Amino acid sequence: MDSVIAFDRSPMFRVYKSGRIERLLGETTVPPSLTPQNGVVSKDIIHSPEKNLSLRIYLPEKVTVKKLPILIYFHGGGFIIETAFSPPYHTFLTSTVAAANCLAISVNYRRAPEFPVPIPYEDSWDSLKWVLTHITGTGPETWINKHGDFGKVFLAGDSAGGNISHHLTMRAKKEKLCDSLISGIILIHPYFWSKTPIDEFEVRDVGKTKGVEGSWRVASPNSKQGVDDPWLNVVGSDPSGLGCGRVLVMVAGDDLFVRQGWCYAEKLKKSGWEGEVEVMETKNEGHVFHLKNPNSDNARQVVKKLEEFINK
């Protein structure tokens, strides 16, 4: 039973009929470093010992202003693979902090199928609330107390992390979590989906569609609506209660989710939400290309756009 494959999502993961998951990607980690890398230092914090929830904090080695914008980042991986400590994320956050001169907090949440949806959202929410305990400058982490500007808080993430960023910002307004605290969100190739094509331009490959549907079943086995679950079918939901003033959506032209990102931005504009939304499309690139090829010109443009959005 343990050798019989129930769902094969190679080269990312396999799930066996016994329920065991074999992660084929995203299990390598890189340690933080107090020795500057690209002018940035980093350290890891366990903020919830009872749940073993941790995060990585990045800070410019030389802080030249009193307070820095705060970027709270949620990694991708379909809620199933990758961690905040994966080499691509460490490289990306180091580059972003160096470019934007900000303080970044990369959140590590528990993953499905061991911890299915909505647990990754709850863990991420707990992390956000932990960061906000530093508003008065008396929180448990010195770097955030000393350097964090709570007038400039941004949530960001790629793929599943972009999905998480949206939902946390909706919840922040609904639960009146420090009203108007989140300045903006950055959704990079957000992981949104639905049973039917989102518009006439969304071309669906049968094999890739089955891959998305199967992956969602692994992440959210209790979902009665499948990929039309509001957690995933974000564009089919009402986004007017988004609790921030600015949104940047990044999409890649060859990405399976490109039309979802565009339609999310259009839906937001028409919803009655009173903020500003912009879309940056990178042509001829696939899903999370900036993590796979961080030294490419297009990846550098992603970092540059983040810097511009954060410091606008």
Side-chain angles (χ1 to χ4, degrees), residues 4-26 74-82 109-125 157-171 174 187-239 241-242 249 251 255-268 271 286-288:
V4 179
I5 297 173
F7 180 63
D8 194 335
R9 195 77 163 97
S10 299
M12 294 179 284
F13 64 88
R14 294 190 194 101
V15 178
Y16 294 84
K17 284 197 172 178
S18 65
R20 178 175 69 90
I21 184 168
E22 180 185 13
R23 292 183 173 91
L24 307 172
L25 192 69
F74 305 93
H75 70 82
F79 305 98
I80 296 167
I81 61 170
E82 298 290 358
Y109 50 85
R110 291 174 294 176
R111 302 170 301 180
E114 299 93 334
F115 300 97
V117 168
I119 291 173
Y121 295 102
E122 293 300 330
D123 288 354
S124 299
W125 179 252
D158 63 279
S159 197
N163 178 305
I164 289 171
S165 298
H166 163 83
H167 282 292
L168 293 196
T169 310
M170 293 289 290
R171 184 172 176 180
K174 185 178 179 182
L187 312 184
I188 307 173
H189 314 162
Y191 179 39
F192 303 150
W193 200 245
S194 55
K195 280 182 182 173
T196 56
I198 202 72
D199 65 9
E200 67 272 24
F201 302 111
E202 187 174 63
V203 179
R204 293 196 171 184
D205 172 87
V206 174
K208 290 179 180 177
T209 298
K210 285 183 177 179
V212 174
E213 291 173 349
S215 295
W216 181 248
R217 279 195 300 271
V218 173
S220 185
N222 300 317
S223 174
K224 292 183 174 66
Q225 296 163 278
V227 293
D228 271 343
D229 189 312
W231 287 120
L232 190 60
N233 187 8
V234 170
V235 184
S237 307
D238 177 10
L242 198 66
V249 183
V251 297
D255 184 12
L256 187 66
F257 306 107
V258 59
R259 292 307 307 168
Q260 294 281 333
W262 274 109
C263 291
Y264 171 82
E266 288 303 314
K267 183 85 176 271
L268 204 50
S271 70
H287 196 59
V288 298

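Keep in mind it's a predicted model, so treat the numbers as computed, not measured. The first residue of the sequence shown is numbered 1, and numbering continues consecutively from there.
Taking the six-membered ring where the residue is Trp, Trp216 and Phe79 present perpendicular rings, their angle passing 60° and hence far from 30°. A perpendicular orientation is assigned to the rings of Phe192 and His166, their planes being inclined by more than 60° (bins at 30° and 60°). Ring geometry for Tyr121 against His167 counts as perpendicular: the plane angle is over 60°, on a 0 to 90° scale with 30° as the lower cut.
Contact between Pro116 and Pro221 at its shortest, heavy atoms only, is CB-CD, 3.7 Å. Here the closest heavy-atom approach between residue Pro11 and residue Leu25 is recorded as O-CB, 3.7 Å. Considering all non-hydrogen atoms of both residues, Ser159 and Gly76 come closest at CB-CA, 4.2 Å. Here the closest heavy-atom approach between residue Pro118 and residue Trp231 is recorded as CB-CZ2, 3.7 Å. Here the closest heavy-atom approach between residue Asp228 and residue Lys195 is recorded as OD1-N, 3.1 Å. Annotation for Tyr191 and Ala160: closest pair CB-N, 3.5 Å, computed over non-hydrogen atoms.
Here the CG-CD1 distance, from Leu24 to Ile81, works out to 8.5 Å after rounding to the nearest 0.5 Å. To the nearest 0.5 Å, atom CD1 of residue Ile198 and atom SG of residue Cys263 are 5.5 Å apart. The distance from the CE atom of Met12 to the CD atom of Glu82 is 10.5 Å, given to the nearest 0.5 Å. Of the inter-residue distances, the one linking Ile5 atom CD1 with Arg14 atom CZ reads 5.0 Å to the nearest 0.5 angstrom. In this structure, CD1 on Ile164 lies 7.0 Å from CZ on Phe74, to the nearest 0.5 angstrom. Taken from CZ in Phe13 to CZ in Phe7, the straight-line distance is 5.0 Å, to the nearest 0.5 Å.
You'll find the side chain of Val234 reaches within 4.5 Å of the side chain of Asn163, heavy atoms only. Val212 is listed as a side-chain neighbour of Leu256, based on a closest heavy-atom distance under 4.5 Å. The closest side-chain heavy-atom distance from Arg111 to Arg23 is below 4.5 Å. By the 4.5 Å heavy-atom criterion applied to side chains, Val251 and Phe257 are not counted as neighbours. Side-chain contact between Ile21 and Glu114: present, with at least one pair of heavy atoms (C-beta onward) separated by less than 4.5 Å. Side-chain contact between Thr209 and Trp193 is present, with heavy atoms from C-beta onward closer than 4.5 Å. Considering only heavy atoms from C-beta on, Ser271 comes within 4.5 Å of Pro239 through its side chain.
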* **Evaluation steps, side chain to side chain contact (heavy atoms under 4.5 Å, CB included), between Ser124 and Leu168** => CA-CA 8 Å; Ser124 299; Leu168 293 196; 3.9 Å; yes

* Asked: Would Val235 and Ser194 satisfy side chain to side chain contact (heavy atoms under 4.5 Å, CB included), going step by step from the backbone distance to the final call?
  -> CA-CA 8 Å; Val235 184; Ser194 55; over 6 Å; no

* Asked: What do the steps show when you test Ser165 against Leu187 for side chain to side chain contact (heavy atoms under 4.5 Å, CB included), and what is the final call?
  -> CA-CA 7 Å; Ser165 298; Leu187 312 184; 3.8 Å; yes

* Asked: For Trp262 and Arg259, what are the C-alpha separation, side-chain angles and deciding distance, and is it a side chain to side chain contact (heavy atoms under 4.5 Å, CB included)?
  -> CA-CA 5 Å; Trp262 274 109; Arg259 292 307 307 168; 3.7 Å; yes

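By the 6.0 Å and 45° rule, Arg20 stacks over the aromatic ring of Tyr16.
Under a 4.0 Å N-O distance rule, the pair Glu122/Arg171 qualifies as a salt bridge. Salt-bridge annotation for Glu202 and Lys208: absent, with no side-chain N of the basic residue lying under 4.0 Å from a carboxylate O of the acidic one.
Formation of a donor-acceptor pair under 3.5 Å by the Asp158 side chain with backbone atoms of Ile188 is not found in this model.
His287 and Asp255 share a donor-acceptor pair across their side chains, judged by distance under 3.5 Å alone. Donor-acceptor pairing under 3.5 Å is recorded for the side chains of Ser215 and Arg9.
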